[in-house]
Amino acid sequence: MKKFTGRGVYGGIAIGRITVFRRQEIAVRRMHVEDTAQELERVENAKHRAFSQLQGIYEKALREVGEDNARIFEIHMMMLEDEDYNESIRSIIESQSVNAEYAVAATSDNFKEMFASMEDAYMQARAADVADISDRLLRNLRTVPDEQLQDQGKMIICADDLAPSETVLLDKSQVLAFVTAHGSSNSHTAILARNMNIPAIIGVGEEFLMEISDGDKAIVDGFTGELLVCPDEDTMQEMLKKQREDEEKKSLLQALRGKDNITLDGQRINIYANIGSTEQIGTVLLNDADGIGLFRSEFLYLESRDYPTEEQQFLVYKKVLESMAGKKVIIRTMDIGADKQADYFGLETEENPALGMRAVRICLTRPEVFRTQLRALYRASVYGNLGIMFPMITSTAELTQCLAHCEAVREELRQEGAEISQKVELGVMIETPAAALISDLLAPMVDFFSVGTNDLTQYTLACDRQNPALEPFCDPHHEAILRLIAMSAEHAHRHGAWIGICGELASDTALTEAFLRMGIDELSVSPPFVLKVREKVRGLDLSQ
Ligand code: PEP
Ligand code: MG
């Protein structure tokens with residue numbers, strides 16, 4: 001048995017087999033093989049898997065973003081079956097006695113060149129599709145065969161690090177746990193693991209990747225931060241017991257479903273949930289959240305290969321609103337930038353991306369992108385109880401511009417005869433020290449505040465949240481952070497606005513009492529933490 005230790009960022013025990021996440025740019029090596037028939041069979045199996053994945057993606061896209069947008073995946077399925085493409089792979093393997101990966105990569109290069117050299121712009125664009133299906137084939141060639149995974153089902157993903165844009169593209173239904181060599185507790189990948197309710201360990205150190213292989217049986221202990229590879233029978237039994245106990249504890253919490261979030265002396269608070277995609281609505285409902293306090297809409301942009309259209313966004317927002325059946329849904333306008341990069345935005349490489357072109361700064365400099373999102377949001381507003389909030393605000397001037405865009409979009413939609421809700425609340429995220437310090441000026445302009453403690457901590461304490469070496473210096477309980485939150489709460493209430501917290505600190509039960517005493521009206525947490533925070537609230541007596 002091998003043991004590796006890092007930092008657990010979400011508790012829970014996962015038992016399964018390892019899949020090492022390899023980036024697409026990893027060079028494919030040309031290897032001589034004796035058994036070409038076996039390579040042909042590997043290609044066939046990989047193709048089979050790729051085809052059914054595409055079919056799944058196509059059906060999901062059809063449901064969520066409509067036929068026109070789903071069509072690309074149908075084209076990919078056709079290309080995967082293309083005779084010339086398959087013949088090329090076959091003949092490279094047989095004529096050169098080489099491995100399947102090399103044959104796929106060489107075929108991909110040849111076809112990409114061929115398409116790129118064509119006159120017709122439509123055909124030129126097919127070069128990217130060939131690259132896409134070939135990458136999918138390569139990934140499937142590298143993945144452990146399904147049969148090997150069958151006894152434990154899903155995979156434990158091991159990687160050097162995972163960018164949010166990579167994490168969102170993983171098939172979540174197949175992921176059992178994450179283990180990464182690097183990463184920090186407040187990175188969006190760690191947050192995603194919490195949102196997705198899966199154990200995760202970060203900062204295990206580079207070497208572990210050399211010592212594990214695809215298909216190794218492993219245990220992830222998200223409580224202790226341990227990864228146990230090829231565990232012995234005693235360890236396995238012990239961990240199965242720990243897993244059962246954890247599950248029992250979680251199911252005991254389910255008894256709190258339907259109960260009020262009320263302290264022993266009668267103070268109430270709303271407990272909402274944070275999500276990054278519609279896939280997480282199921283856990284939100286399961287954990288009985290009172291609403292959605294933060295929908296990180298930028299993940300929609302990260303999942304796309306181009307700007308999501310108004311229609312694509314409308315369908316997603318409508319779905320969230322409808323699923324929450326009249327409960328509050330706060331959608332944050334896109335917070336692209338810093339660690340959440342989408343290539344097609346073409347953002348300049350920056351020396352300090354966390355202090356760079358991010359969130360509303362992009363929206364205000366690219367109003368057409370902002371307006372598309374606002375149009376989709378307002379059109380969807382009639383399907384539920386929508387709130388819209390703006391991230392990374394530092395001044396009243398920025399907020400004034402955001403509000404003016406909202407008014408212009410509402411007017412535009414009215415002129416078009418579109419129906420929009422009159423009750424959409426507008427809010428501002430308090431996630432820069434500047435916003436907290438001018439919260440008395442911002443509060444009269446909006447309906448609510450939502451404190452983003454992840455960024456508020458990073459900017460107040462001058463600690464890059466992506467840098468694990470700074471974690472010892474980055475104390476979110478720091479008096480400066482608590483004072484900024486208390487000050488914002490006081491200003492919000494003085495001006496008739498309500499205030500919530502949607503950063504990770506909202507689920508820190510060591511602070512629940514302090515937040516209630518400050519008068520915080522809402523805590524928005526990863527869905528699996530809703531009932532834990534409810535339990536904490538119900539045990540507090542603030543009259544003491
Ligand atoms: C925050 O900064 O606390 C927040 C909720 O936003 P994000 O983590 O997505 O930056
Ligand atoms: Mg933030």
Side-chain angles (χ1 to χ4, degrees), residues 9-10 163-165 167-168 183-196 200 202 271-277 280 291-303 329-342 353-363 387-394 398 427-436 439 448-467 474-478 480-482 484-485 488 499-508 511 515 520 522-527 529:
V9 290
Y10 183 60
S165 55
T167 317
V168 292
S184 65
S185 317
N186 251 342
S187 67
H188 284 95
T189 298
I191 290 173
L192 265 177
R194 284 179 216 125
N195 279 0
M196 287 158 57
I202 57 163
I271 306 180
Y272 290 175
N274 296 344
I275 61 167
S277 84
Q280 288 147 13
I292 288 176
L294 167 64
F295 178 5
R296 290 182 161 93
S297 71
E298 59 277 9
F299 284 101
L300 211 74
Y301 292 71
L302 294 178
E303 280 164 4
V329 174
I330 298 174
I331 302 184
R332 165 171 86 183
T333 57
M334 63 97 178
D335 184 11
I336 288 289
D339 62 324
K340 289 176 283 196
Q341 294 285 341
L355 303 178
M357 199 41 106
R358 177 180 173 185
V360 285
R361 297 173 182 179
I362 301 179
C363 291
I388 301 175
M389 67 177 171
F390 309 107
M392 282 294 289
I393 292 287
T394 61
E398 287 163 0
V428 63
M429 284 194 73
I430 303 291
E431 55 179 349
T432 64
S439 49
F448 68 94
F449 283 164
S450 186
V451 185
T453 51
N454 310 332
D455 279 315
L456 188 61
T457 306
Q458 128 163 297
Y459 296 127
T460 306
L461 303 184
C463 281
D464 179 354
R465 67 194 265 193
Q466 294 299 114
N467 184 345
C474 194
D475 172 18
H477 288 205
H478 195 294
I481 313 292
L482 299 179
L484 290 173
I485 300 174
S488 306
I499 179 166
I501 300 178
C502 64
E504 294 299 286
L505 216 55
S507 58
D508 184 339
L511 288 175
F515 291 150
I520 297 297
E522 172 250 9
L523 294 170
S524 192
V525 300
S526 286
F529 290 105

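Each ligand, and each atom within it, is numbered from 1 in the order the structure gives.
When V360, T432, I430 are each tested for a side chain to side chain contact (heavy atoms under 4.5 Å, CB included) with I393, only one passes: V360.
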Go through the steps to decide whether E431 and T453 satisfy the test side chain to side chain contact (heavy atoms under 4.5 Å, CB included), and finish with yes or no. CA-CA 6 Å; E431 55 179 349; T453 51; over 6 Å; no
Take S526 and N195 through the side chain to side chain donor-acceptor pair (under 3.5 Å) test and state the conclusion after the steps. CA-CA 5 Å; S526 286; N195 279 0; 2.7 Å; yes
Before you tell me yes or no, could you show the steps for L192 and F299 under side chain to side chain contact (heavy atoms under 4.5 Å, CB included), namely the whole-Å CA-CA distance, both residues' side-chain angles and the distance that decides it to 0.1 Å? CA-CA 10 Å; L192 265 177; F299 284 101; 3.9 Å; yes
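For A338, the side-chain contact (heavy atoms from CB on, under 4.5 Å) criterion is met by R358, not counting sequence neighbours. Applying the side-chain hydrogen bond (donor to acceptor under 3.5 Å, both in side chains) test to S297 and every residue at least two apart in sequence or in another chain returns Q373.
Counting only protein atoms, the N, O or S atoms lying less than 2.8 Å from the Mg ion (ligand 2) are E431 OE1, D455 OD2, ordered by chain and residue number.
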Filter the ligand 1-protein atom pairs down to N or O on both sides and distance under 3.5 Å, then list them.
{"from": "ligand 1", "atom 1": "2 (O)", "to": "E431", "atom 2": "OE1", "distance (Å)": "3.0"}
{"from": "ligand 1", "atom 1": "2 (O)", "to": "D455", "atom 2": "N", "distance (Å)": "3.0"}
{"from": "ligand 1", "atom 1": "2 (O)", "to": "D455", "atom 2": "OD2", "distance (Å)": "3.0"}
{"from": "ligand 1", "atom 1": "3 (O)", "to": "G452", "atom 2": "O", "distance (Å)": "3.4"}
{"from": "ligand 1", "atom 1": "3 (O)", "to": "T453", "atom 2": "N", "distance (Å)": "3.1"}
{"from": "ligand 1", "atom 1": "3 (O)", "to": "N454", "atom 2": "N", "distance (Å)": "2.8"}
{"from": "ligand 1", "atom 1": "3 (O)", "to": "N454", "atom 2": "ND2", "distance (Å)": "3.2"}
{"from": "ligand 1", "atom 1": "6 (O)", "to": "R332", "atom 2": "NH1", "distance (Å)": "2.9"}
{"from": "ligand 1", "atom 1": "8 (O)", "to": "H188", "atom 2": "NE2", "distance (Å)": "3.2"}
{"from": "ligand 1", "atom 1": "8 (O)", "to": "R296", "atom 2": "NH2", "distance (Å)": "2.9"}
{"from": "ligand 1", "atom 1": "8 (O)", "to": "N454", "atom 2": "ND2", "distance (Å)": "2.9"}
{"from": "ligand 1", "atom 1": "8 (O)", "to": "R465", "atom 2": "NH2", "distance (Å)": "2.8"}
{"from": "ligand 1", "atom 1": "9 (O)", "to": "H188", "atom 2": "NE2", "distance (Å)": "2.8"}
{"from": "ligand 1", "atom 1": "9 (O)", "to": "R296", "atom 2": "NE", "distance (Å)": "2.7"}
{"from": "ligand 1", "atom 1": "9 (O)", "to": "R296", "atom 2": "NH2", "distance (Å)": "3.4"}
{"from": "ligand 1", "atom 1": "9 (O)", "to": "R332", "atom 2": "NH1", "distance (Å)": "3.3"}
{"from": "ligand 1", "atom 1": "9 (O)", "to": "R332", "atom 2": "NH2", "distance (Å)": "2.7"}
{"from": "ligand 1", "atom 1": "9 (O)", "to": "K340", "atom 2": "NZ", "distance (Å)": "3.3"}
{"from": "ligand 1", "atom 1": "10 (O)", "to": "H188", "atom 2": "NE2", "distance (Å)": "3.4"}
{"from": "ligand 1", "atom 1": "10 (O)", "to": "R358", "atom 2": "NH2", "distance (Å)": "3.3"}
{"from": "ligand 1", "atom 1": "10 (O)", "to": "D455", "atom 2": "OD2", "distance (Å)": "2.9"}
{"from": "ligand 1", "atom 1": "10 (O)", "to": "R465", "atom 2": "NH1", "distance (Å)": "2.9"}

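Side-chain atoms of N274 do not come within 3.5 Å of backbone N or O of F295 as any donor-acceptor pair.
Taking the six-membered ring wherever Trp is involved, the centroid distance between the rings of Y10 and F529 falls below 6.0 Å.
We find that D335 and K340 are joined by a salt bridge, their nearest charged nitrogen and carboxylate oxygen being less than 4.0 Å apart.
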